[in-house]
Amino acid sequence: MKSDEKFMRRALELATKGTTSPNPMVGCVLVKKGRILAEGYHKKAGKPHAEIEALKKIKDARGCMMYVTLEPCCHYGRTPPCTKAIIKADIKKVVLAMRDPNPKVDGNGMKELRRAGIEVVDGVLKKDAEKLNESYIKFITKKEPFVILKAAMSLDGKIATKTGDSKWISSEESRKEVHELRSKVDAVLVGVNTVITDNPQLTCRIKNGKNPIKIIVDSSLRVPLNSKIFDGGNVIIATTKNHNKKNKKILEGKGAKILITDEKNGRVDLKKLMRKLGELEITSVLIEGGSEINASALKSGIVDKVRFYIAPKIIGDDGKTVISGLGTDSIKDSIKIKNLDCRKLNDDLVLEGYL
């Protein structure tokens with residue numbers, strides 16, 4: 001079992017190299033007599049899967065053990081099924097981290113391999129694999145993106161001073177990590193007030209990083225037309241039917257995609273918005289907004305995970321709070337965070353947990 005975990009850890013490490021949305025990240029290792037003979041990972045949606053990448057690097061895979069982080073596909077999608085290639089290669093044993101929750105697979109890949117006489121072991125480092133592909137799991141089962149709420153705050157829970165100054169609360173290392181996170185998600189979402197106040201670019205400023213889609217929640221289309229967020233394009237604006245029609249035409253002329261969603265209390269219904277984003281095959285969203293959009297996201301139930309960067313600074317009670325307007329009346333009704341992880345990053349504390 002220890003050797004199984006050793007090789008699976010390598011497969012999981014390989015999987016992180018891919019930029020695969022809306023597909024899962026998958027890594028694969030081929031082993032014979034305790035030695036790795038070939039490796040592969042899924043690089044991008046539409047490209048060969050990890051199993052195929054590994055198999056094509058070896059002339060003869062007969063009798064090999066295959067370690068793969070996700071159950072091999074058994075259906076025709078953008079690429080042919082991996083199960084047939086594994087059977088043809090005469091693989092002796094397949095060790096999996098987790099089964100594929102895609103209804104087209106979900107155990108059928110394992111069944112096909114076993115029918116062909118291949119031994120299949122499931123569940124090696126399952127929790128690690130599920131965390132790696134938490135966005136894919138939610139997207140493929142619920143057709144909605146996995147949502148992370150991120151905020152940088154002072155020790156007393158403030159995201160800005162009373163004048164609105166917020167540069168910089170967190171450390172340089174924390175800000176670098178946020179840019180890495182932007183590179184990994186499909187989209188970054190902010191409210192229109194953040195665009196008006198901070199005029200952010202929401203780009204990924206790390207070497208070889210991938211810029212996310214930029215989503216603005218703007219119920220009436222009052223976003224300033226000269227905002228930096230439009231630089232480089234790739235902008236979606238979620239609005240309601242009560243939007244400014246003149247501005248809609250101008251914004252579309254700038255290349256922005258306008259999504260007209262249902263409203264709730266005069267504002268964009270965030271739950272309905274997530275369904276629309278799922279239809280666009282957006283599998284993960286990072287919320288980097290202000291206190292109002294943070295509260296709205298939590299109240300609507302769209303948040304799956306929070307990541308808070310807490311700096312050793314005190315701003316005072318006249319500063320702007322991280323969440324404004326949640327309206328919890330009693331402690332028992334407060335939002336609970338589970339599986340909380342705490343780590344130190346330079347002088348900051350990073351808290352991450354699930355709802």
Side-chain angles (χ1 to χ4, degrees), residues 4 7-31 37-58 61-62 64-146 186 278-279 281-284:
D4 282 351
F7 294 126
M8 190 60 76
R9 286 196 192 282
R10 176 55 185 162
L12 287 164
E13 183 183 340
L14 288 165
T16 63
K17 295 183 177 184
T19 307
T20 59
S21 180
N23 285 1
M25 292 183 282
V26 184
C28 178
V29 175
L30 289 174
V31 176
L37 301 184
E39 298 178 336
Y41 66 94
H42 186 35
K43 294 176 182 175
K44 192 175 181 180
K47 297 288 185 181
H49 289 183
E51 301 94 318
I52 307 303
E53 286 284 357
L55 286 169
K56 71 182 184 182
K57 291 179 182 176
I58 186 172
R62 283 178 297 175
C64 280
M65 292 176 62
M66 175 180 280
Y67 291 84
V68 62
T69 57
L70 186 72
E71 178 182 8
C73 64
C74 55
H75 65 98
Y76 284 88
R78 298 181 186 185
T79 59
C82 292
T83 48
K84 297 191 184 308
I86 294 168
I87 294 166
K88 185 178 179 181
D90 201 12
I91 296 295
K92 176 184 176 182
K93 181 178 178 180
V94 176
V95 181
L96 307 175
M98 62 173 283
R99 66 194 295 167
D100 189 342
N102 186 337
K104 294 179 180 178
V105 186
D106 200 12
N108 293 318
M110 290 190 286
K111 287 178 184 176
E112 187 173 330
L113 294 175
R114 285 173 175 143
R115 279 198 300 266
I118 298 173
E119 183 184 352
V120 179
V121 175
D122 180 29
V124 176
L125 299 184
K126 180 182 177 182
K127 288 184 179 179
D128 298 71
E130 288 175 340
K131 185 168 184 179
L132 173 72
N133 276 312
E134 57 193 7
S135 296
Y136 166 75
I137 292 169
K138 183 181 179 186
F139 173 73
I140 205 68
T141 56
K142 298 192 175 180
K143 306 302 179 188
E144 294 179 5
F146 186 87
D186 288 348
E279 291 170 5
E281 292 195 330
I282 292 174
T283 67
S284 54

Quick one: does [X]'s side chain have a donor or acceptor within less than 3.5 Å of a partner on [Y]'s backbone?
X	Y	answer
Ser135	Phe146	no
Asn133	Glu130	no
Glu71	Gly107	yes

Using 0.5 Å steps for rounding, measure from the [atom1] atom of [X] to the [atom2] atom of [Y].
X	Y	atom1	atom2	answer
Thr20	His42	OG1	NE2	5.5 Å
Leu12	Thr16	CG	OG1	8.5 Å
Leu113	Met66	CG	CE	9.0 Å
Leu96	Leu125	CG	CG	12.0 Å
Lys93	Cys64	NZ	SG	13.5 Å
Asp186	Ser284	CG	OG	4.0 Å

If you look at every heavy atom in [X] and [Y], which pair is closest and at what distance?
X	Y	answer
Asn23	Ala45	ND2-CA, 3.6 Å
Pro24	Leu70	CG-CD2, 3.4 Å
Cys28	Leu14	O-CD1, 3.6 Å
Pro101	Ile137	CG-CG1, 4.1 Å
Ala15	Val26	CB-C, 3.5 Å
Ala89	Leu55	CB-CD2, 3.8 Å

Would you check if [X] and [Y] make a side-chain contact, meaning some heavy-atom pair closer than 4.5 Å?
X	Y	result
Thr69	Met98	no
Arg9	Asp128	yes
Arg99	Met110	yes
Thr83	Cys73	no
Lys138	Lys143	no

Do [Y] and [X] meet the salt-bridge criterion of a basic N to acidic O distance under 4.0 Å?
X	Y	result
Lys92	Glu119	no
Glu13	Arg10	yes
Glu53	Lys47	no

Kindly determine whether Leu37 and Val31 satisfy side-chain contact (heavy atoms from CB on, under 4.5 Å), including the steps that lead there.
CA-CA 6 Å; Leu37 301 184; Val31 176; over 6 Å; no
Please walk me through it: do Tyr136 and Asn102 pass side-chain contact (heavy atoms from CB on, under 4.5 Å)?
CA-CA 9 Å; Tyr136 166 75; Asn102 186 337; 3.5 Å; yes
Under a 3.5 Å threshold, yes or no: a donor from one side chain and an acceptor from the other, between Thr283 and Ser21?
yes
Measure the acute angle between the ring planes of Phe7 and Tyr67, then classify it against the limits of 30° and 60° as parallel, tilted or perpendicular.
tilted
Tell me, yes or no, whether the heavy-atom count around Lys57 atom NZ, taken from other residues, nucleotides or ligands under 6.0 Å, exceeds 12.
yes
Begin from the C-alpha positions of Asp106 and Asp100 and carry the test side-chain contact (heavy atoms from CB on, under 4.5 Å) through to its verdict.
CA-CA 5 Å; Asp106 200 12; Asp100 189 342; over 6 Å; no
Assess whether side-chain contact (heavy atoms from CB on, under 4.5 Å) is satisfied between Ile91 and Met65, documenting all intermediate values.
CA-CA 6 Å; Ile91 296 295; Met65 292 176 62; over 6 Å; no
